[in-house]
Every structure is written in structure tokens, then in C-alpha cells.
Amino acid sequence: MKKRIGILTSGGDCPGLNATIRGVAKACYEMLGQDNVEIVGISNGYYGLIHNICREMKPEDFSGILTRGGTILGTKRQPFKMMTVIGEDNIDKVKNMKKTYKDQKLDCLLTLGGNGTHKTSKLLSDEGLNVIGLPKTIDNDIYGTDVTFGFHSAVDIATDAIDRLHSTANSHSRILLCEIMGNKAGWLTLYSGISGGADIILIPEIPYDIDKVCQSVIKRTESGKNFSIIAVAEGCFDTAEAKLKKKERAKLRMEAGITTATNRIAAQIQQKTGLEARVCVPGHMLRGGIPSAYDRLLATQFGEYAAQLIRDEKYGMTVAKVDGNITANNLEDIAGKTKFVEPGCQLVTTAKNIGISFGG
Ligand code: F6P
């Protein structure tokens, strides 16, 4: 049976988006037959769906993109909380998205994105659209999947950054703090911190005590090490801030002229230990460039599985990896939930048992 498939990428980009798009397309053409598949590329995420900015894609559009970073479809942040709000432009976004789906004569819609994207996917599914999600994010915080595509590429990049800080920290006898993306969840900082040999790892799930951080630094100095490396998640906060609501915390930080804690931690370490500290922020470099081999493989597996769901007309789901197997979760079971690092999990224990401090 013929299938007309809409596909969009939404939210922050990451390596592996194109590899996933390619995986879906190749598997659809292969399993359903090229003549039975029409793929419609929707530009810039839900924005393109709202404004009907679409283009017919051809098989050749999916060639040569396995290794390409970013997304050939373009992406945009379209906050979920505003989806049902009619703004100054007077546009009913949900109504428009349903209209585009109908006007484009789509049989289903594939949404590649993170937590926000999945909330909107669930909304559209509830509105009667045939939606299949694919879990993308360098944050690895989508509920119900062991891993998201983009995560391992970012782990490799962050690990490389932390590696490179070692020699310069050593030359200058400094404390080097590497701020790593991850506002809510500390997966990327935890994985790259351990892989890169950081001495201290600070993540949002384990609020830090600055005195304990300084004690760890001093302990290293006393053991004869002339430098320390600290991997800091951009969303981490201290034990005093942990007592506040998110909004109160943000307000206090705004008043103090800071967004992340990293520079503050560096200043406190300098002041309390007398050691020189520097901050490095790889930022969007973590989201750029080619996907790692791991992500190319995962993206291809996820894409192929999405094609199976299309063939079997199983909608209202998102692809996932669970206990090593590719499968799918119901959107209603995962949308709106976040997968956090459990402070008592095996990986945190491993880190602690090799002497890494979490400052908690
Ligand atoms: O969600 C992915 C992510 O890279 C987060 O880790 C980070 O906080 C955020 O996106 C940055 O977003 P933007 O690209 O909009 O600045």
C-alpha cells in the first residue's frame, strides 16, 4: 500500500539526524517499494508544519548524508507550552499543523526530536494524526530509551575537550573546569567526565557543596598532583540553590548576572584554595560535525525500525532502545517525562569508587 510520509526535525540539532532520516528513507523504499513511497520534507521542525513549508523528497536526497552533521531539513525550537496558545500573530498552531497534514495528504508524520518535540508529537497523536517519534538529543534524557542518537557523538567530542585540557592544566598547574551541555540531566557530563578522566564531576542530579569540591581539589594537590579537571554540567547547582524552586534559582542567578554556575565555581575555588582556575565552554561544538560510528549505527537501526512501524501502521509510538533491543514505546507513556541520572546508579558508584568526587 502506498504511503505518503511527512518528516521533520525539531529542537536543538545533533549529529545523527541525517543518518536517521536516511535510515527511514532507505528502509521504506526497500520494504515498501520505491513506487509506493512518497516522502515530504517539512522545513524547520513544527514551524514548517504550522506554515506548510514542505518539499517533495526524492531517493537521491537521502544519498551521501550518513556522515553529514546537522539536518538537511533544518530545525527550530517551538516550545510545547506555546503550542496551544494563540499569540499576536493570531495563528492557531495546532489547527494549522492538522491542516498541513491534511493538505499534504500525509499518511503519517515522523518527528525527530527530544523531550519538547515528543510532547507535541503526543498532542498531535491525540488530535488524530498518525505520528511516530524518533529519540534525538545529545542530552540522552528521553524517558523509556537506553540511549538517544546524538548522545555518543557528543560524548566523544566532550571527552576530547576534557582530554585536551589535561596537558594545559598540567603545564600551568591550574584547575580547569569544562562546562558541558545538559540543563536538566547530567548524562553527557557523567559519561564524558569519566571517559576524559575528570577528577570532579558536577551534575544537576547531585547538588554540589562548594566546600566539598574545594576539599577534593586540595586532596589532589596534597597527594602531589599539580592540576585538577572538573567536568561541570551547564545545569548544575549547589546545595543552597537545590532548596529553591527553579524559577527562584533562575531569578537569583539573573540578579547575580550569571546563567550557569561554572564561572562562579571557578572563582570560589580560586578564592578558597588559592589555586588558579580557568573555564572552558565547548558549547555548540558538542552538537556539530559528523556523527560517531556508534550514532551512525544507532540512527540506522532507529530509522529502519520506524520504517517497520510505518509498514505495520503502528502509530502513536516512538522508537527506543531497551535492554539492547530496538523497540518502540507508546507516546503517552513517555511524553512529558525526563530520564535523569540516578545518584545511586552503577555508573556514579563506579566513578566514586575510582575516586571521582561529585561534590555532594
Ligand atoms: O537539548 C540539547 C541542548 O544542546 C542542551 O544540552 C542545551 O542546554 C540546549 O540544547 C542549548 O540550546 P540552544 O541551541 O537553543 O542554545
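Both ligands and their constituent atoms are indexed starting at 1 by order of listing. Note that the coordinates shown come from a computational prediction; the quantities given were computed from them, not determined experimentally.
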Asker: Which ligand 1 atoms, with their elements, are less than 4.0 angstrom from a heavy-atom of His284?
Answerer: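 In order of numbering, the contacting atoms are 13 (P), 14 (O), 16 (O).
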
Asker: Could you check whether Thr75 and Asp13, counting side-chain N and O atoms only, form a donor-acceptor pair closer than 3.5 Å?
Answerer: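 No, because no side-chain N or O of Asp13 sits under 3.5 Å from a partner of the opposite role on Thr75.
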
Asker: Tell me which one of Glu234, Lys136, Met181, Arg287 gets a heavy atom nearest to atom 8 (O) of ligand 1.
Answerer: Glu234

Asker: If you have a sec, work out which protein heavy atom is nearest atom 6 (O) of ligand 1 and how many Å separate them, to one decimal?
Answerer: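 Nearest protein contact, heavy atoms only, for atom 6 (O) of ligand 1 is Asp139 OD1, 2.7 Å.
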
Asker: For ligand 1, which atoms sit closer than 4.0 Å to a heavy atom of Asn183?
Answerer: 8 (O)

Asker: Taking heavy atoms and a distance under 4.0 Å, where does Ile138 meet ligand 1: side chain, backbone, both or neither?
Answerer: side chain

Asker: Please check if any side-chain donor atom of Thr111 sits under 3.5 Å from a side-chain acceptor atom of Ser121, or the reverse.
Answerer: yes

Asker: Are the aromatic rings of His166 and Phe227 close, with centres under 6.0 Å apart?
Answerer: yes

Asker: Do Tyr191 and Phe151 make the cut of ring centroids closer than 6.0 angstrom?
Answerer: yes

Asker: Can you list the atoms of ligand 1 that are under 4.0 Å from a heavy atom of Gly182?
Answerer: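 Result: 6 (O).
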
Asker: Going by heavy atoms, is Gly114 under 4.0 Å from ligand 1?
Answerer: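 No heavy atom of Gly114 comes that close to ligand 1.
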
Asker: Distance alone, cut at 3.5 Å: any donor-acceptor contact between the side chains of Asn226 and Asn170?
Answerer: yes

Asker: Can you pull out the closest protein heavy atom to atom 10 (O) of ligand 1? Residue, atom name and distance to 0.1 Å, please.
Answerer: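 Ranked first by proximity to atom 10 (O) of ligand 1 is Arg77 NH2, 2.8 Å.
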
Asker: If you measure only the distance, is there a donor-acceptor pair under 3.5 Å linking the side chains of Glu179 and Thr260?
Answerer: yes

